There are 2 protein chains.
Amino acid sequence: MPRSASRSVVVDLIAVLAAVTGGEPRVMTVEHGSALPSGPFELAHRSLQHGLRDWVEQRTHHPLGYLEQLYTFADKDRAGAESAARTISISYLGLAREQAAAAGAAEWHGWYEYFPWEDHRDGPPPVIAGTLAPALAAWAESAPSAAERSHRRQRAAISFGLDGATWNEELTLQRYELLYEAGIVAERLRREGREEAAGAGRAMIADHRRILATAIARLRAKIKYRPVVFELMPPTFTLLQLQRCVEAIAGRTLHKQNFRRLMEQQELVEEAGGATTETLGRPAKLFRFRHAVVEERAFAGTKLPLARS
Amino acid sequence: MPRSASRSVVVDLIAVLAAVTGGEPRVMTVEHGSALPSGPFELAHRSLQHGLRDWVEQRTHHPLGYLEQLYTFADKDRAGAESAARTISISYLGLAREQAAAAGAAEWHGWYEYFPWEDHRDGPPPVIAGTLAPALAAWAESAPSAAERSHRRQRAAISFGLDGATWNEELTLQRYELLYEAGIVAERLRREGREEAAGAGRAMIADHRRILATAIARLRAKIKYRPVVFELMPPTFTLLQLQRCVEAIAGRTLHKQNFRRLMEQQELVEEAGGATTETLGRPAKLFRFRHAVVEERAFAGTKLPLARS
DNA sequence: CACCATATGCTCAAACTGAGTATAGACGAT
DNA sequence: ATCGTCTATACTCAGTTTGAGCATATGGTG
């Protein structure tokens, strides 16, 4: 593998900016919700991270709390027939607070518009049993061999929690890719010049919806072992607001008492004094995030059965 | 952020190929251990992943079990003074089996050569107390303000498990970056034209050691919630061999009985029949990985306190 | 002032985890 | 032949964590 320069490659950045407002997770879009914000890779910036941060903060007029690299997409056929040149897209996931999301002329769209099957907060959404499950079943049956049919059925069942399998909210990307492979989402049909299907969520240009699926999957996984939720919250909040925010992202409901216990025993929050009066019922205490713990503790991932030293 | 093409960008791929042989984790290198294998981004391949896989398999003459994208590095000053053009490096982490690692003319180096402070299998390595801790303390004391001094001390203590803090094996990248910032690793000193320090591990060209640190951190985290160890094992193995492999990667020892229980209750392995005679003492049963479980189960990440539906 | 809605606290059993002790099977030395 | 050593495998147990219920506090509303 000799070292030689490969030119004529276009590099751009794509940002998935997420916020939770009014109990709904939203993503910043352009082109009336059909694309994620993107732009050329600027040579001027010291680092990718800095360039993107500057650009985002300029656009939202608010500091951006959290930013991490998501994935670099470079498959040959990802842009569809639209572009001839090879494009590499480096995507980032950013988290913004409520106020930031509300302000400015930026377009924010609820991310379940694009993935209606991902919101299980009120139980399994009807689109699964009504549209997706039958379409996936048809796709499975259309396989050439019996082995392949069985394999497809199993993949569909595991991804979508069918046939008694339990729903796993972290499989967002696998689910989207399965629907793409099965020809159920519009992006795939569009590629092949066919009619667009209804009921499989709102489409985006190129592979932007796949990038959004990647972001959702990453955030759903991350929220469980790093205290990133707080990047989405206002300075003070009630525990229920915090729980609602996690639920919005995870797309499922949590056990209230256990969620509280978890927050308290991890010492991630402290009372900020005061209480909300806006809500009905007994007023809830206000809390704030203990920034100190992030520094004090190195948030470990999961555990291995360690031996004592 | 108008759409416009940015040319004159060099894109290349860097592979971190890991294997565990003889209880030591190793990484494939070129240039006598001073660089990771890399090459230009080929436009011909259908996808990044495919291109890299072909190249690696050609080189090692063995199928590559696992391959995932690691990170895309694009900071302006990462290549040092050596290169004028802006380079983007897309790095991948691949796992190879023992045989693959042993065969061929490829150079494999133990990764603890580069990170001697990361191997805690025989307790905290002497290099920490002997070299790193004093150097970090000096660096902390050299800070201009008291607040900064205290902050530096805390960072060092948490990263390296000093002052009673517990060692967290997943912080490999943070530790390397801290040592870089403190001017303790050779890469930093080299940049500034100073003498190279001894005892802080073997250096690599450009930012290759940082990329290796990223790979180690990722693998250490991943091994806990995805069954990727098996990609490093031969077809059949004893449970102790499996444990030694995990220990080699994690850089710490595990509790034997609990490790076994974990393996068995997760049904990740099944008896392959037969036993090893090579070892002293009672022969150990041979096991094989149950590939089926990967398909059957969607390996969830960590847990949230879910409510029943 | 009863009632409603939400917040917060308490309890308990099932599951999981860390870690110890005991037994089994092969080999070599006495 | 037997004993000791070494490793593998099995059993046990207490402390902790988790899932989930019930109970009580505290405000507003009719």
Side-chain angles (χ1 to χ4, degrees), chain A residues 23 120 166-169 223-225 236-247 250 252-288 297 299-309, chain B residues 23 166-169 224-225 236-247 250 252-288 297 299-309:
Chain A
H120 285 231
T166 52
W167 175 258
N168 183 340
E169 70 280 357
I223 211 168
K224 293 174 186 168
Y225 63 96
T236 64
F237 45 82
T238 69
L239 289 181
L240 188 61
Q241 283 167 351
L242 184 64
Q243 184 183 339
R244 293 281 178 254
C245 183
V246 176
E247 290 175 338
R252 46 197 319 183
T253 53
L254 306 180
H255 188 105
K256 192 169 180 174
Q257 287 77 7
N258 294 344
F259 179 80
R260 281 156 178 279
R261 177 170 57 188
L262 206 71
M263 286 299 121
E264 281 163 16
Q265 83 182 21
Q266 296 205 151
E267 297 176 293
L268 286 171
V269 294
E270 64 190 0
E271 292 190 22
T276 38
T277 50
E278 293 154 27
T279 175
L280 218 62
R282 175 171 168 177
K285 287 185 202 158
L286 287 172
F287 288 82
R288 81 166 67 89
R297 284 217 290 270
F299 284 88
T302 339
K303 286 165 247 167
L304 278 178
L306 294 173
R308 14 154 244 182
S309 62
Chain B
T166 52
W167 175 259
N168 182 343
E169 70 279 357
K224 292 175 188 167
Y225 64 95
T236 65
F237 46 82
T238 70
L239 289 180
L240 188 61
Q241 283 169 350
L242 184 65
Q243 184 182 340
R244 292 283 178 254
C245 182
V246 175
E247 288 176 339
R252 47 196 318 183
T253 53
L254 305 180
H255 187 103
K256 192 170 180 173
Q257 288 76 6
N258 295 342
F259 180 81
R260 282 157 175 279
R261 176 168 58 187
L262 208 69
M263 286 299 121
E264 281 163 15
Q265 83 183 18
Q266 294 205 149
E267 297 176 290
L268 286 172
V269 294
E270 62 190 0
E271 292 191 23
T276 39
T277 50
E278 295 153 27
T279 175
L280 217 64
R282 173 171 169 180
K285 287 186 202 156
L286 287 172
F287 288 82
R288 81 167 67 88
R297 285 215 291 270
F299 283 87
T302 340
K303 285 166 247 167
L304 278 176
L306 294 173
R308 18 156 239 180
S309 60

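Remember, it's a predicted structure, so these values are computed and weren't measured experimentally. Residue numbers start from 1 in every chain, and the chains themselves are labelled A, B, ... in the order their sequence lines are given, proteins ahead of strands.
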Within this structure, what is the [atom1]-to-[atom2] distance between [X] and [N], rounded to whole angstrom?
{"X": "A/L240", "N": "C/dA5", "atom1": "CG", "atom2": "P", "value": "15 Å"}
{"X": "B/R252", "N": "C/dG18", "atom1": "CZ", "atom2": "P", "value": "11 Å"}
{"X": "A/N258", "N": "C/dA14", "atom1": "CG", "atom2": "P", "value": "16 Å"}
{"X": "A/M263", "N": "D/dT18", "atom1": "CE", "atom2": "C1'", "value": "15 Å"}
{"X": "B/E264", "N": "D/dA8", "atom1": "CD", "atom2": "C1'", "value": "12 Å"}

Tell me, please, which residues at least two apart from B/R244 pass side chain to side chain contact (heavy atoms under 4.5 Å, CB included).
-> B/L240, B/E247
For the [atom1] atom of [X] and the [atom2] atom of [Y], what is their distance to the nearest 0.5 Å?
{"X": "A/L262", "Y": "A/H255", "atom1": "CG", "atom2": "NE2", "result": "12.0 Å"}
{"X": "B/L239", "Y": "B/R261", "atom1": "CG", "atom2": "CZ", "result": "14.0 Å"}
{"X": "A/L242", "Y": "A/M263", "atom1": "CG", "atom2": "CE", "result": "5.5 Å"}
{"X": "A/F287", "Y": "A/T238", "atom1": "CZ", "atom2": "OG1", "result": "8.5 Å"}

Can you check whether B/Q243 reaches B/V246 side chain to side chain, under 4.5 Å on heavy atoms?
-> no
Can you check each nucleotide of nucleotides 23-30 of chain D against protein heavy atoms at under 4.0 Å and return B for base, S for sugar-phosphate only, - for none, in 5' to 3' order?
-> --BBB---
Report yes if a donor N or O on one partner sits less than 3.5 Å from an acceptor N or O on the other, where the partners are the side chain of B/R261 and the base of C/dG18; otherwise report no.
-> yes
Is there a donor-acceptor pair closer than 3.5 Å between any side-chain N or O of A/E271 and the backbone N or O of A/K285?
->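 No, because the side chain of A/E271 does not come within donor-acceptor range (under 3.5 Å) of the backbone of A/K285.
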Taking the side chain of [X] as its heavy atoms from C-beta onward, which of [options] lies nearest to it?
{"X": "A/L262", "options": "C/dA19, D/dT18, C/dA7", "answer": "D/dT18"}
{"X": "A/K256", "options": "C/dT8, D/dA20, D/dA10", "answer": "C/dT8"}
{"X": "A/H255", "options": "C/dT8, D/dA8, D/dA20", "answer": "D/dA20"}

OP1 or OP2 of C/dT8 sitting under 4.0 Å from any side-chain N/O of A/R260?
->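 Yes.
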If only side-chain N and O atoms of A/K285 are considered, is one of them under 4.0 Å from the OP1 or OP2 phosphate oxygen of C/dA7?
-> no
Mind checking A/L239 for me? I need base, sugar-phosphate or nothing, with any heavy atom below 4.0 Å counting as a touch.
->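 No contact.
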